[in-house]
Amino acid sequence: MYGCVTMFNEKAQMMKLKDIRELQEKRLVKMVRYAYDNVPMYKKRFNEKGIKPSDITKLEDAHKIPFTVKDDLRDHYPYGILAVPRKEVVRFHASSGTTGTPTVVSYTRKDMEVWGDLMARTYNAAGTDPGDIVQNAYGYGLFTGGLGFHQGAEVLGCAVLPTSTGNTKKQIKMMYDFQTDVLACTPSYAIYLSEATKKFGYDPREDFNLKVGMFGAEPWSDEARESIQESFGLKAQDVYGMSELYGPGVAVECPAQNGLHIWSDQFLVETINPETGEVLPEGEKGELVFTMLTREAMPLLRYRTKDIAVVNYEECECGRYHPRIMRIKGRSDDMLIVGGVNVFPSQIEAALLETEGIGEHYQIIVDRDVLDKLFVKVEVDKEYYESDQYDEEKLLKEASENLTAVLNIRARLKLLEPGTLPRTVGKAKRVIDLREEHDRIEEP
Ligand code: ADP
Ligand code: ZN
């Protein structure tokens, strides 16, 4: 055994590849039938494609199943593609959407149990033991991070400090007073915390007792990992998930830190070419597609994540056979993740256009010093700029308010004279992600 002292659900964690495949096949066949019988959307899709559940008898048949996409969930707002009576739902979560319609996900009691088990394994595989003190600084609420990391720690038998996000001074005091073992938060907040501890006069390696960090919800570089590990003297572990697939706990790094193990008794993963939808051979880089193998409330068949990565099917040095996602560096759509929050450029554009007096040329700049920062530069409408009514202060205030209303994060807005932003003949470069520049320099 490796990393933790006590193994939680060892049977599931240490399954052999052959047993994983057998279980996946059995569950896939059953799940397809379940989704077809209980979700009208799936029945319709199958019928349109001329396939029946009985056509899916082995794992290799998975590619015949139609894809599910995020818009399918938005189109079924608010109750989603429920496969059970509404009264059997015990929890809802939601993530922000592009157009203001959130993606709602639902869970039955059994789904909550499965998620709790997955999260407990996730903590454990990363090096957390029962009895550890877990400080959970993910946001509590509709976001799956807070309650997901909370429940999993309890299932494992840890003591949870539900500090949620923010209030950094108190956060640090508790980490010191309780001698917290495990810190759960976004990697960007972990970096911020490590800086802040020094500012408050602590020596993060000496004064704290952290051994493991459970960091996820956004992409982060090996550089960032080094820096967090170095300052706290802990093991910084990557956790992957998304609300559609329960939330966090789909995949996690073991102490080998060489890819994130996907809990494959619950998730069937495929890698596809994002343009053609064609399934790629093992080991090729592409878009990750997941089928949930036992979800009751909201079955998802071949769900397209838009996340681009390589999946490695070799046995890991930790002895686990659950295939590994080599760390996620990008997405196939234009969604930005700024400090753990999903931001779509189209949301920003819509908010700007809603403000009278704002022109149509804008630029979004994301940068990172300690934390991610979002800047928006926008030209004032020419006619309004030249008119007597032009009131810069008022316009800035209105546009900022409209932006804040759609984003879950603060953006710094700057008004520009008409004609200042560069014009291109081709596709405008609206988004400048300076974090990518840093990553390129840092990772030769
Ligand atoms: P959550 O509520 O967990 O943030 P969302 O559904 O809002 O889930 O966002 C999920 C997306 O966040 C994923 O599709 C992926 O792009 C990103 N993400 C989550 N965890 C990681 C991670 N460990 N590394 C890179 N990206 C991640
Ligand atoms: Zn491993």
Side-chain angles (χ1 to χ4, degrees), residues 1-4 13-15 69-70 73-74 93-98 102-105 115 119 121-122 124-127 138-149 165 184-190 213-222 224-225 235-264 287-290 300 303-309 312-344 408-409 435 439:
M1 249 172 294
Y2 195 151
C4 48
Q13 288 202 47
M14 304 311 291
M15 279 178 89
V69 295
K70 207 178 182 90
L73 296 180
R74 290 210 190 95
H93 277 288
S95 70
S96 62
T98 37
T103 321
V104 178
V105 293
W115 187 21
M119 270 312 288
R121 282 191 224 171
T122 295
N124 192 228
Y138 282 101
Y140 281 67
L142 285 172
F143 171 55
T144 52
L147 289 165
F149 276 93
T165 39
C185 63
T186 59
S188 35
Y189 192 57
M214 303 292 297
F215 303 136
E218 61 181 348
W220 47 307
S221 62
D222 294 334
R225 189 215 296 275
K235 236 172 143 109
Q237 304 293 83
D238 196 355
V239 186
Y240 171 79
M242 71 195 59
S243 49
E244 296 86 331
L245 309 175
Y246 296 114
V250 174
V252 65
E253 275 181 323
C254 65
Q257 294 187 325
N258 186 18
L260 291 78
H261 290 284
I262 304 163
W263 298 123
S264 296
E287 180 181 342
L288 301 179
V289 171
F290 287 93
L300 284 182
Y303 184 70
R304 293 188 60 161
T305 62
K306 305 274 172 88
D307 290 322
I308 305 290
N312 180 339
Y313 291 83
E314 285 157 26
E315 180 190 354
C316 178
E317 63 179 271
C318 70
R320 287 182 185 83
Y321 287 90
H322 290 282
R324 282 166 288 159
I325 307 173
M326 303 325 270
R327 294 179 84 202
I328 293 175
K329 295 273 167 70
R331 293 176 50 85
S332 67
D333 62 5
D334 56 0
M335 184 179 95
L336 293 161
I337 304 185
V338 183
V341 175
N342 302 350
V343 174
F344 289 89
N408 291 313
I409 181 175
R435 298 172 303 181
D439 290 348

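Start at 1 and go down the list; that is how both ligands and their atoms are numbered.
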- Query: Looking only at distance, does Asn342 have an N or O less than 3.5 Å from an N or O of ligand 1?
  - Reply: yes

- Message: Quick check: do Gln237 and Thr122 have side-chain heavy atoms less than 4.5 Å from each other?
- Response: no

- Note on the structure: Per-atom filter on ligand 1: closer than 4.0 angstrom to a heavy atom of Ser243 are 6 (O), 8 (O)

- Item | Shortest heavy-atom approach to atom 21 (C) of ligand 1 - which of Glu218, Glu253, Gln237, Met335 | Glu218

- Query: What do you reckon, does Gly247 put a non-hydrogen atom under 4.0 Å from ligand 1?
  - Reply: no

- Item | Considering only N, O or S atoms of His261, the one closest to the Zn ion (ligand 2) | NE2

- Query: Judging by distance only, is a nitrogen or oxygen of Phe215 under 3.5 angstrom from one on ligand 1?
  - Reply: no

- Query: Do the non-hydrogen side-chain atoms of Thr305 and Phe290 ever get within less than 4.5 Å of each other?
  - Reply: yes

- Heavy-atom nearest option to atom 4 (O) of ligand 1, drawn from Tyr240, Phe143, Tyr246: Phe143

- Query: Just checking, any donor-acceptor pair under 3.5 angstrom between side chains of Glu317 and Asn258?
  - Reply: no

- Closest to atom 13 (C) of ligand 1 among Val252, Asp307, Val250, Thr103 (heavy-atom distance): Asp307

- Among the heavy atoms of Gly145, does any lie under 4.0 Å from an atom of ligand 1? no

- For the residue pair Glu287 and Ile308, establish whether any side-chain heavy-atom pair is separated by less than 4.5 Å. yes

- Got Lys306 and Lys70 here, is their nearest side-chain heavy-atom distance under 4.5 Å? no

- Query: Is the closest side-chain heavy-atom distance between Thr103 and Arg74 below 4.5 Å?
  - Reply: yes

- Message: Less than 4.5 Å apart, side chain to side chain, heavy atoms only: is that true for Tyr321 and His261?
- Response: no

- Query: Would Glu244 count as a contact of ligand 1 if the rule is a heavy atom under 4.0 Å away?
  - Reply: yes

- Message: With respect to Ile337, determine whether any N or O atom, backbone or side chain, lies less than 3.5 Å from an N or O atom of ligand 1.
- Response: no

- Query: Got an N/O contact under 3.5 Å between Asp238 and ligand 1?
  - Reply: yes

- Query: Short N/O distance, under 3.5 Å, between Thr305 and ligand 1?
  - Reply: no

